[in-house]
Amino acid sequence: EKLLTSMVEKYDGFIIFLSEQTDTASLEYLVDGVLETSQHYYKTYRIREVSLEKLKGVPIRRPKTPFTLQEGRFTAFSRLVHEKQNPSKFISITNSESRFSTGNVDLDSKLSGGFKKGAVVGIEIDSDVDRFAFVPLLAPLTLNFISQDNPVLISSSADQDIDAIVNYLSPYVESEKLKNFKIFGHGFGTSSEYVVEREGMDFETTHTKWIKTYNALKETKKPLLMSVDYSFVELAYQSQEKLVLKALIENSRTIRHNKD
């Protein structure tokens, strides 16, 4: 390999090494790029992927890209793009005496009318599933609260783009409906009327600020929707697990008592 690479450099050519071995460590230091193709099965579907293991001097923005060999041609799938075209305003579903609507008629029918008032609901997502998967579930629920002038408090994950949350929800409701909408998270240097900054605080200070925000929103005397990304809590405050669990129990008790 060394002889071949030196010849290529001398004559300004290029060379491609093909290997059926998964361990390419012996070649990586010689080449400018390393690509690895693989395939796996999801149920009855075969999924082919190309992994970019190394690109010298170039940032790898998409480490894995699915592709197909249909009709004998290598074709990579482009990145999925979500575009909102003339979004219509969300039409709310009235809550019943005992339940909060999910904002989705079909899901309401599966849950006997929605989530029980005062309920604490846990949603588990497999490690192989993108966290965006829960957005189609939580977005209608959040919009249904906002559109009925009910307060919403979202505790986002540490790496969550706050602007993405606002941009995903705001086109579907009137701006005045967002007056009781707050995101408890990290603004990454951007200021927003919806963000309650929590970066750089220990858990006790963070929880005190969260309680203050919750109480301020409850001054509306209306039921509140609270969403918490528990993975953030686990990662950010690993050494304070007992305090976290205590706060979680207290918050759950408050939610049940206030029928939020």
Query - Pairwise side-chain contact, Val228 with Ile154, heavy-atom cut-off 4.5 Å (strictly under) - result: no

Report task. Flag the pair His207 / Asn251 as yes when at least one side-chain heavy-atom distance between them is below 4.5 Å, and no otherwise. Result -> yes

**Report entry** Atom NE2 of His257: over 12 foreign heavy atoms under 6.0 Å
**Finding:** no

Report task. Check whether more than 12 heavy atoms from other residues, nucleotides or ligands sit under 6.0 Å from atom CD of Gln70, and answer yes or no. Result -> no

Query raised in the report: If you draw a 6.0 Å radius around CD in Glu124, do more than 12 non-hydrogen atoms from other residues or ligands fall strictly inside?
Result: no

**Report entry** Test side-chain contact (heavy atoms from CB on, under 4.5 Å) applied to Leu52 and Arg62, step by step
**Finding:** CA-CA 8 Å; Leu52 305 183; Arg62 294 184 66 190; 5.7 Å; no

Report task. Check whether the ring centres of Phe181 and Tyr194 lie less than 6.0 Å apart, and answer yes or no. Result -> yes

Query raised in the report: Under the side-chain hydrogen bond (donor to acceptor under 3.5 Å, both in side chains) test, which residues partner Thr213, sequence neighbours left out?
Result: none

Query raised in the report: Has the side chain of Asn258 got a donor or acceptor atom that lies under 3.5 Å from a matching backbone atom of Asp260?
Result: no

Query - Qualifying residue, where the test is side chain to side chain contact (heavy atoms under 4.5 Å, CB included) with Lys222 and the options are Asn180, Asp149, Leu217 - result: Asp149

Query raised in the report: Taking Asn95 for the side chain and Phe100 for the main chain, is one N or O donor matched with an acceptor at less than 3.5 Å?
Result: no

**Report entry** Same apolar cluster (I L V M F W Y, side chains within < 4.5 Å links), Ile123/Ile165
**Finding:** yes

Requested in this report: Answer whether the closest heavy-atom distance between the side chains of Thr75 and Phe67 falls below 4.5 Å.
Outcome: no

**Report entry** Contacts of type side-chain hydrogen bond (donor to acceptor under 3.5 Å, both in side chains), residue Lys117, not counting sequence neighbours
**Finding:** none

Query raised in the report: Do Ile249 and Val244 belong together in a cluster built from hydrophobic side chains that touch within less than 4.5 Å?
Result: no

Requested in this report: Measure the shortest side-chain to side-chain distance between Phe184 and Leu153 over non-hydrogen atoms and say whether it is less than 4.5 angstrom.
Outcome: yes

Query - Other residues, nucleotides, ligands: >12 heavy atoms within 6.0 Å of Lys212 NZ - result: no

Query raised in the report: Which atoms form the tightest heavy-atom contact between Tyr172 and Ser88, and what is the distance?
Result: CD2-O, 3.4 Å

Query raised in the report: Given the rule that I, L, V, M, F, W and Y join up when any side-chain heavy atoms are under 4.5 Å apart, are Ile47 and Phe74 in one cluster?
Result: no

Report task. Examine the side chains of Thr102 and Asp108 and answer whether a donor and an acceptor come within less than 3.5 Å of each other. Result -> yes

**Report entry** Trp210 side chain reached by Met226 side chain, heavy atoms, under 4.5 Å
**Finding:** yes

Report task. Look at atom NZ of Lys116 and say whether more than 12 heavy atoms of other residues, nucleotides or ligands are closer to it than 6.0 Å. Result -> no

Side-chain donor-acceptor distances from residues 132-148 under 3.5 Å, at least two apart:
{"residue": "Thr142", "atom": "OG1", "partner": "Leu138", "partner atom": "O", "Å": "2.8"}
{"residue": "Asn144", "atom": "OD1", "partner": "Ile93", "partner atom": "N", "Å": "2.7"}
{"residue": "Asn144", "atom": "ND2", "partner": "Ile93", "partner atom": "O", "Å": "3.0"}
{"residue": "Ser147", "atom": "OG", "partner": "Leu143", "partner atom": "O", "Å": "2.9"}
{"residue": "Ser147", "atom": "OG", "partner": "Asn144", "partner atom": "O", "Å": "3.2"}
{"residue": "Gln148", "atom": "NE2", "partner": "Ile93", "partner atom": "O", "Å": "3.1"}
{"residue": "Gln148", "atom": "NE2", "partner": "Asn144", "partner atom": "O", "Å": "3.1"}

**Report entry** Interatomic spacing from CG in Leu69 to OG1 in Thr37 - rounded to 0.5 Å
**Finding:** 9.0 Å

**Report entry** Crowding at CD, Glu204 (>12 non-hydrogen neighbours, <6.0 Å)
**Finding:** no

Query raised in the report: Any side-chain heavy-atom pair from Lys64 and Val50 closer than 4.5 angstrom?
Result: no

Report summary line: Separation between CD (Glu49) and OG (Ser51), nearest 0.5 Å, reads 6.0 Å

Query - Heavy-atom side-chain proximity of Val152 to Lys182 below 4.5 angstrom - result: no

